2 protein chains.
Amino acid sequence: MLSYTEENYLKTIYHLSENGSKDVTTNGIADAVNTKPASVSDMLKKLAQKSLIDYIKYQGVTLTDEGRVKALKIIRKHRLWEVFLVNKLSFNWDEVHDVAEELEHIKSPLLIKRLDEFLGFPQFDPHGDPIPTEDGIINHKRSVPLHQMEIGMSGVVVGLNETASSFLQFLDKIGVYIGVKIKVLDKSSFDHSVEIEIDQTSKMMISNEVAKNLNISE
Amino acid sequence: MLSYTEENYLKTIYHLSENGSKDVTTNGIADAVNTKPASVSDMLKKLAQKSLIDYIKYQGVTLTDEGRVKALKIIRKHRLWEVFLVNKLSFNWDEVHDVAEELEHIKSPLLIKRLDEFLGFPQFDPHGDPIPTEDGIINHKRSVPLHQMEIGMSGVVVGLNETASSFLQFLDKIGVYIGVKIKVLDKSSFDHSVEIEIDQTSKMMISNEVAKNLNISE
DNA sequence: AAAATATTTTAGACTACTCTAAATTAAACC
DNA sequence: GGTTTAATTTAGAGTAGTCTAAAATATTTT
């Protein structure tokens, strides 16, 4: 049985190894779980002992198969709760993260089974991220951060890499949602901002920072 | 901000002082929270320090007003989650306790507000216990499913265990609403149907199935 | 390749909660 | 009312997680 804290570390390591292709560092984890590197070192030893991660001192960390399945179960719970909050309790999609962060640690397989059913077996959470299956299989529907797309390419917004509510509110304002079609019209070589067409209608200039955090697919 | 553990102690002290009229003892608490009396003494000092309880060494414990309101907020959350689990996720009423025990500690006033709304502002949990209001007011009457009432007893309809529209339409037809007064005139030992008097006027024969789904109080 | 810098780990200590064993106080008994 | 017994509290120690400061290892720079 994993503690609340252990679960958070596992989940974080999973996210860090998915995002950037760079390896997972102690400092990176410390940053993400809002603690100090020294505490992370301690925890990594503990997780390695439980064979949830492969860990060699001073080299990075990777999840074992067991660790990854555990992490994906937590992520599954997180995302299902997000769907619940948005679809059933009419939360805004930028209000759900913190509450889901707590709910994801509730330990009841039956609860999650029933919740999944109640929600109609959703495949994606309100941010467009795929919901892993019960046994830790995740649909890695290929998506590319918008800033990596070539001029002339188009696709549909399927996910976000950032959930800060300031970011979510910005997207709201410019009319970018999950499912909206985006076409790359131009890219500035000066500040790497990107000109896009939203929903085949409005045109928009967005910063590289914003483009980096929008995942496009199809 | 109270810890998970502090919340459990408060809730337990509340329950112990409600139930039996005997005073709340260290051993009693230890038993209820599944720990040792020595640990309870420590925690009592801590809760007294936070002025959530009145505590004199070797004499018993009572909740302060502040402590009682805190306890009732936890109980409110517990019972609302129980309603959710039974009414929305089709848990049996005897399966919900442990999960609700975890869910009650989720810290989000907005979540509880929305959940309450989503559930239709229920007054009683699936076991018939009253749900305290947001500001810690509790109606001390219990509710009982109609089929468990004795012949000659009467009370007021305070809740339904079923929301299928066919059921609601049936109730409509026979003039049963929340707030209507019901008296049990007779119970058939053959099919367990119940003869009732509605609003001190009309008499009616209802099936056990219907009786099970009507909660009566007072 | 050595020196400077950044990252990571260890050492030792702190908090919240828990425990056992011993000491203290209250209650029950004769 | 004094003694026995039960309940409660204190003392001292353990675990999970955290921290700061110092030591060890990697990485970058020159």
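Every value quoted in this text rests on a predicted model; they were computed, and no experiment measured them.
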### Query
Of A:Thr35 and A:Lys57, whose closest DNA chain D nucleotide lies nearer the 5' terminus?
A:Thr35
### Summary
Contacts of A:Asn34 and B:Leu44 projected onto DNA chain D by closest heavy atom; the upstream (5') one is B:Leu44
Pick base, sugar-phosphate or nothing for [X], based on heavy-atom distances below 4.0 Å to the nucleic acid.
X	value
B:Thr5	sugar-phosphate
B:Thr26	sugar-phosphate
A:Tyr4	nothing

Any idea which of [options] is nearest the [X] side chain?
X	options	answer
B:Pro37	C:dC19, D:dT9, D:dT20	D:dT9
A:Asn27	C:dT10, C:dT18, C:dT7	C:dT7
A:Ser41	C:dA21, C:dA26, C:dT10	C:dT10
A:Ala38	C:dA26, C:dT10, C:dT18	C:dT10

### Task
For the pair A:Phe84 and B:Trp81, name the ring-plane relationship: parallel under 30°, tilted 30 to 60°, perpendicular over 60°.
tilted
### Message
Check A:Asp65 with A:Arg68, please: is the shortest side-chain N to carboxylate O separation under 4.0 Å?
### Response
yes
### Message
Between B:Glu6 and B:Lys50, does any side-chain N to carboxylate O distance fall below 4.0 Å?
### Response
yes
d([atom1], [X]; [atom2], [N]) in whole Å:
X	N	atom1	atom2	value
A:Tyr58	D:dA24	OH	P	9 Å
A:Lys45	D:dA16	NZ	C1'	14 Å
A:Gln59	D:dT25	CD	P	12 Å
A:Ile29	C:dT8	CD1	C1'	11 Å
A:Asp23	C:dT8	CG	C1'	13 Å
B:Met43	C:dT15	CE	P	16 Å
A:Tyr55	C:dT8	OH	P	9 Å
B:Glu7	C:dA16	CD	C1'	15 Å

### Message
Does D:dC19 have its OP1 or OP2 closer than 4.0 Å to a side-chain nitrogen or oxygen of A:Ser39?
### Response
yes
#### Entry: Closest contact, heavy atoms only, B:Val83 versus B:Phe124
CG2-O, 3.7 Å
### Query
Closest heavy-atom contact between B:Ser90 and A:Arg114?
O-NH1, 2.8 Å
